[in-house]
Amino acid sequence: MNIQLIGLIGFAIFLLGLFGATYYRSFLSIMISFQLLIVYSVINFFSFSLFIYVLSSWDKTFVFFAFIAIYTLLFMIVFYNYSKQTNIYGLEVLQDLRLFKFDRSDWWGEDNADTIK
Amino acid sequence: MLTLLNDTINRLYPFYSSACLAGAALVSIFFGLSDRKGIKVFLIFLSVCSIFASLFFNIFSFLKSGSFSDFLFVFDKLQVVEISIILFSAINILLLFSIYNFRKQSFSKILIIFQVAVFLITIFILSNNLIMIFCSLALAVAGIFQLVTLLAGQSDIRTESEYLVKNQIIRFFMVASFSLIVLFTGFSLIFGVLDFKTFVQIVQSDKLENPLLRTGLFIIFTGIFTYLFIFPLQSAYIKLIKRTEGISALIIWFFYYPAGIFLFLKLFDIFATFTGKNIFLNAALYFIALVCIAGGNIGAVKTTSLRRIMSFLFLATLGFSILSLAFFSTRLIESAAVLRLIIANTVFLIFIYFPVYSIFLEIERQKGSDSIENIRGFARNNKYSGIILILILLSFAGLAGTSGYIVKIIFIQPFIDILKAQTAGWTGSSFIILNYTGSIAAIAGWIFFAANIIRMLIYMVRSPGKAGKILVPKFYHIYILFFCLILIYTGIAGLMELTGSTSILTGIPVFSFNF
């Protein structure tokens, strides 16, 4: 396996993650898309360190800390979401968490866009 | 023993300010479970002392020991100013938070999280290494997330509005996480080009033309763009500010946003290297800035919610900062002026938003809603605070003599320079159309911005009508007077500097201070 092939596979994963994160409305789909983006970064770090540079122990430690930091944040968000449940199936399943939603009310007039259907 | 202590203190440099905050957080942990009034007062006192001590050591240690730079951290004039901005914001947020949340059961715990969040932001400001920057920023955002969620309230959701608050908090911080992951991806690509550790190394290297490096940098700047919720990605930010607890808005404005702005300033040298050559990049910057200014102003003029007005105007002000980058890209202004303007804009927002928003928050608390109708007749019922608030808002609009015009004059000056050069027979640079468009749009944006402020002023001086009488506590009179005096003081100092009496009042040159 060479670095070009790894790069291409990694890029495909990145595009999948990017599409998922910007398109889906459900909490879990977006979280899974985030994982794909993180996987792409992991692939980059490891492939570059395998084929081009040798990661020093400092670098390894810091990359490890970076993963801990981002996963801490993601874990907090997941925990917050599931610790505050309404027990109303419709509200939890139909919740719209699209990251970049383009509503008229975000530009014009009052904030009345996401009333519960 | 004394030598060991002295050695430890010397080794702590440049983390004196962070150490003060960390120390206070550690001590507070022992009292975190108590809900007794005396303990709460003690924790507030401890927090205030630690923040003031941090502020003092931040400036004093720099003056005494000078700049510092190593593999992981950097401490220079810019970092001193940035930490001071965060600490000053922290003092004000702490004050307003204590007023509105003192009776809350989880007050002590929120205070500890608050101290930790401020500590993490100071560490982020000092970071120099790519991964260190990322780690500290991610943890700082995690701290801000905890603060916002704790302030949002109860653990059980009982009403539809509570459910919507939860959704918007999650949405906002998912966007923040997304931008952090994008930043991380960008860092991983940069690592592929060379074993870079800091952004300075990138500027100094001969790999600037490498496509992988350029892709990495593009991804990083995209990450900053999404992090700052710049138009058209503002949805989650606008909705969160409207629905969340009042103090959370201040945390977002003065902890979350400055962190993003400071991240950009860490990358400013790279940005400066790549701009100026590519006309499409320059045009894109002008476009983003103008959309941000126009979007912010249109959004503010079409809503009656004070929180939405404030959040839209915040984005419009951010648009002016982006416009300064666009001006720099076509070399209308120098890089030193851009840095000065971005920092001045951030400081200026602090001096405007804290007094104005604190009054609006008090009115919202009394009336139960944040409608602009609630401020109708405010200046008539509260003559003293009304006059001060009018002065502050006029300063926000750019009134000469108050500090508001200092930020705006940086946009007007290049336009005047171009006109002067044109009359002297100068044919202009290759970006002349962009220069003209940008300058005219900046002036139009400023007028539109001022119109938004005047709309609020008209409401304040009109007859109260059905809105009834609103009286704010006397504490707010002193609080907003403090900010008003500083705005006037710096404004007059700037005017004197313009007329040739250099920095008599402040001792610091307002228009030529360099970082």
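Per chain, numbering begins at 1; letters A, B, ... match sequence-line order.
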ask   = Just wondering, are more than 12 heavy atoms of other shown residues or ligands nearer than 6.0 Å to CZ in Phe448(B)?
value = yes
inquiry  = Looking at Phe218(B), I want to see if its CZ is surrounded by more than 12 non-hydrogen atoms of other residues, nucleotides or ligands under 6.0 Å.
reply    = no
key: Heavy-atom contact with chain B under 4.5 Å, split by part of Ile77(A)   = both
query = With chain A, which of Thr185(B), Ile238(B), Val301(B) has the greatest number of heavy-atom pairs at distances under 4.5 Å?
reply = Thr185(B)
Arg308(B) CZ to Asp106(A) CG distance, which is reported to the nearest 0.5 Å = 6.5 Å
ask   = In chain order, what residues pass the side chain to side chain contact (heavy atoms under 4.5 Å, CB included) check against Ile230(B), with sequence neighbours excluded?
value = Phe225(B), Leu228(B), Ile288(B), Cys292(B), Leu318(B), Ile322(B)
request  = Could you tell me the separation between the CD1 atom of Ile181(B) and the CD1 atom of Ile70(A), rounded to the nearest 0.5 Å?
outcome  = 4.5 Å
message = Phe48(A) vs Leu212(B), test: side-chain contact (heavy atoms from CB on, under 4.5 Å). Steps then yes/no.
response = CA-CA 12 Å; Phe48(A) 291 139; Leu212(B) 201 57; 3.8 Å; yes
Straight-line distance of Arg171(B) CZ to Lys101(A) NZ, nearest 0.5 Å = 4.5 Å
ask   = Got a sec, which residues hit salt bridge (charged side-chain N to carboxylate O under 4.0 Å, His left out) with Arg455(B), two or more places apart in sequence or on another chain?
value = none
message = As an exercise: rank Ala69(A), Gly7(A), Ser41(A) by heavy-atom pairs under 4.5 Å with chain B and give me the winner.
response = Ser41(A)
key: Structural part of Leu18(A) lying under 4.5 Å from a heavy atom of chain B   = side chain
message = Heavy-atom cut-off 4.5 Å, strictly under: side chain, backbone, both or neither for Leu137(B) against chain A?
response = neither
note = The reported gap from OG1 in Thr149(B) to CG in Asn81(A) (rounded to nearest 0.5 angstrom) is 12.0 Å
note = If one checks every heavy atom of Phe312(B) against chain A at 4.5 Å, the contacting part turns out to be side chain
query = How far does CG of Asn167(B) sit from CG of Leu97(A), to the nearest 0.5 angstrom?
reply = 5.0 Å
key: Ring centroid separation Tyr80(A) to Phe173(B) under 6.0 Å   = no
query = Taking every heavy-atom pair that is under 4.5 Å apart, which of Ser136(B), Ser235(B), Ser177(B), Ala138(B) has the most such pairs with chain A?
reply = Ser235(B)
task = Would you please indicate yes or no on a ring centroid separation below 6.0 angstrom for Phe100(A) and Phe178(B)?
result = yes
request  = Provide the closest heavy-atom pair for Trp107(A) versus Gly295(B) in the form atom of the first, atom of the second, distance.
outcome  = CZ3-CA, 4.3 Å
ask   = Looking only at heavy atoms, what is the nearest atom pair of Val63(A) and Ile131(B), with distance?
value = N-CG2, 4.0 Å
ask   = Where does Phe27(A) contact chain B at under 4.5 Å (heavy atoms): side chain, backbone, both or neither?
value = both
ask   = Would the Phe184(B) and Tyr40(A) ring centres measure less than 6.0 Å apart?
value = no
Proximity breakdown for Ile144(B) and chain A, heavy-atom pairs closer than 4.5 Å = neither
task = Can you tell which part of Phe65(A) gets under 4.5 Å to a heavy atom of chain B, answering side chain, backbone, both or neither?
result = both
message = Before you tell me yes or no, could you show the steps for Thr304(B) and Glu110(A) under side chain to side chain donor-acceptor pair (under 3.5 Å), namely the whole-Å CA-CA distance, both residues' side-chain angles and the distance that decides it to 0.1 Å?
response = CA-CA 7 Å; Thr304(B) 55; Glu110(A) 303 305 331; 2.8 Å; yes
query = When rounded to the nearest 0.5 angstrom, what distance separates NZ in Lys239(B) from CG in Asp103(A)?
reply = 4.5 Å
